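Keep in mind it's a predicted model, so treat the numbers as computed, not measured. Order of the sequence lines fixes the chain letters, A, B, ..., with proteins taken first and strands second; residue numbering starts at 1 for each chain.
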Protein chains: 2
Amino acid sequence: MPTETTSRLNLSYERLNNYCCRLTRPRQVILDVLDKVDRHLNAEQIYKRASEIYPTLGLATVYRNLELLVRIGLVWKFDVGDDKTRYEIAQWSRETHHHHLICKKCNSVIDYSESIDNERDFLREREKNLSRKYNFKIENHCIDFFGLCSKCKNTD
Amino acid sequence: MPTETTSRLNLSYERLNNYCCRLTRPRQVILDVLDKVDRHLNAEQIYKRASEIYPTLGLATVYRNLELLVRIGLVWKFDVGDDKTRYEIAQWSRETHHHHLICKKCNSVIDYSESIDNERDFLREREKNLSRKYNFKIENHCIDFFGLCSKCKNTD
DNA sequence: TCTCCTATTGAGAATGGTTCTCATTAATAC
DNA sequence: GTATTAATGAGAACCATTCTCAATAGGAGA
């Protein structure tokens, strides 16, 4: 019986197929790392973890595939201001979609997703208005709050 | 009689003073460029424009001062995904604060700010909740919508 | 107005995350 | 299997940004 995790990975593999991309070992390993991890990793960190599973992996391959995965929507990337792009597995479902609280000082990231229902309604309405007004096809959004986390707030 | 623009610049100069930063020619010129321009420029573009006014300006000086201006809140920076940080003069007032529509294909940026009142109310409430829940001091937020602009939508 | 102190600058070198190149390998179609 | 060609690994290259350091110039006080 497939767990939730394996079925999410299976969906990812299927999507790769739909885009005529080969299902290679590096791609599986990278997706696997992103799927398992709870934090937002940069390319170097993903490379390090993936290398433990697949030691001959190259860093360039990690970059190439992250770019691909972002392009076909399986992975999202974002920037917290430390010049290293961070990546997370795409969360399309109602339950798992979330936004970020980013600490300006230590660059840590907190996800939040609870009580997000009115946020969703609000955004849907907003996107509809903006699309019409600017003739712009909105595919995604990014809501980040910047400030000081509980630790850094007290040492500031 | 001071125009709106000159008074905004004067406020900026005052703020530099408050932070014990000298009011140097490069800083004036950079602020002046950012104040006048309607688009979101990257460091290179700011350097190019500022050099026309102050030809001996160095690129490193532009980077250093943009960092300073961001730190003291006179300038905001953000990223559209082309690996070049963009900068805009900080818009703190109710009338001028805005968010972005970013085209994934041509990296163009549209500001929107109209009918933003309910957005502001929504965000204020949200920030209050998040601050309490995560003991996080929210200082700023970033709302960007990504997608395809009217031009790119049709050539896709 | 002059002088001093030191923050700031300009130029070029250095850094480092990311991308490119190219010979080699391996995933898929037949 | 075999052929085709997308994908890979290694290292070089790229390029936005930061660093270094001697020279310059704000601005406080005399």
Side-chain angles (χ1 to χ4, degrees), chain A residues 10 12-33 40-72 74-75 77-87 107, chain B residues 10 12-33 40-72 74-75 77-87 107:
Chain A
N10 283 340
S12 298
Y13 298 160
E14 204 174 300
R15 185 146 189 176
L16 275 174
N17 237 330
N18 289 344
Y19 278 85
C20 300
C21 301
R22 292 178 181 173
L23 182 53
T24 63
R25 195 85 181 87
R27 282 172 189 166
Q28 290 177 40
V29 172
I30 291 167
L31 276 170
D32 196 45
V33 165
H40 313 80
L41 304 181
N42 59 42
E44 188 75 38
Q45 295 171 316
I46 294 167
Y47 169 64
K48 201 170 281 177
R49 287 174 186 240
S51 295
E52 291 169 10
I53 304 169
Y54 185 63
T56 63
L57 183 66
L59 181 57
T61 302
V62 171
Y63 276 104
R64 262 189 304 244
N65 282 313
L66 285 172
E67 195 201 328
L68 170 74
L69 293 170
V70 167
R71 192 149 25 89
I72 68 178
L74 287 175
V75 168
K77 71 172 179 180
F78 66 104
D79 188 24
V80 306
D82 64 351
D83 291 328
K84 294 176 191 171
T85 305
R86 304 222 192 172
Y87 300 85
N107 288 322
Chain B
N10 284 340
S12 298
Y13 298 160
E14 205 173 301
R15 184 147 191 175
L16 276 174
N17 238 329
N18 290 343
Y19 278 85
C20 301
C21 300
R22 291 179 179 169
L23 181 54
T24 63
R25 196 84 181 88
R27 283 173 188 165
Q28 290 177 39
V29 173
I30 290 167
L31 277 169
D32 195 47
V33 166
H40 312 81
L41 305 181
N42 60 42
E44 187 75 37
Q45 294 170 317
I46 294 167
Y47 169 64
K48 201 169 279 176
R49 286 174 187 238
S51 295
E52 290 169 11
I53 304 169
Y54 185 63
T56 64
L57 183 66
L59 180 57
T61 302
V62 172
Y63 276 104
R64 262 189 305 244
N65 283 314
L66 286 172
E67 195 201 328
L68 170 75
L69 294 170
V70 167
R71 193 148 25 88
I72 68 179
L74 287 175
V75 167
K77 71 174 180 179
F78 66 104
D79 189 24
V80 305
D82 65 351
D83 291 329
K84 294 178 193 171
T85 304
R86 304 223 193 172
Y87 300 86
N107 289 322

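Residue L59(A) contributes atom CG, which lies 9 Å from atom P of dT18(C) at whole-angstrom precision. One interatomic measurement links the two molecules: CZ of R27(B) to C1' of dT24(D), which rounds to 14 Å at whole-angstrom precision. Between L23(A) atom CG and dT28(C) atom C1' the separation is 11 Å, expressed in whole Å. Atom CD in E67(A) sits about 15 Å away from atom C1' in dT8(D), given to the nearest Å. Taking atom OH on Y87(B) and atom P on dA16(D), their separation rounds to 12 Å, with Å as the unit. The separation between Y63(A) atom OH and dA13(D) atom P is 19 Å, rounded to whole Å.
If you take OG on S12(B) and CD on Q28(B), they are separated by 11.0 Å, rounding to the nearest 0.5 Å. Rounded to the nearest 0.5 Å, atoms CD (Q45(A)) and NE2 (H40(A)) are 11.5 Å apart.
When heavy atoms are screened at a 4.0 angstrom cut-off, T61(A) is found touching base atoms of the nucleic acid. Residue R25(A) is classed as having no contact, given no heavy-atom separation below 4.0 Å to the nucleic acid. Among the heavy atoms of the strands lying under 4.0 Å from Y54(A) are primed sugar atoms or P, OP1, OP2 only; no base atom is included. Among the heavy atoms of the strands lying under 4.0 Å from N65(A) are primed sugar atoms or P, OP1, OP2 only; no base atom is included.
Side chain to side chain, R64(B) and T61(B) meet the donor-acceptor criterion of an N or O pair below 3.5 Å.
Proximity of a side-chain donor or acceptor of R86(B) to a complementary backbone N or O of V80(B) within less than 3.5 Å is not detected.
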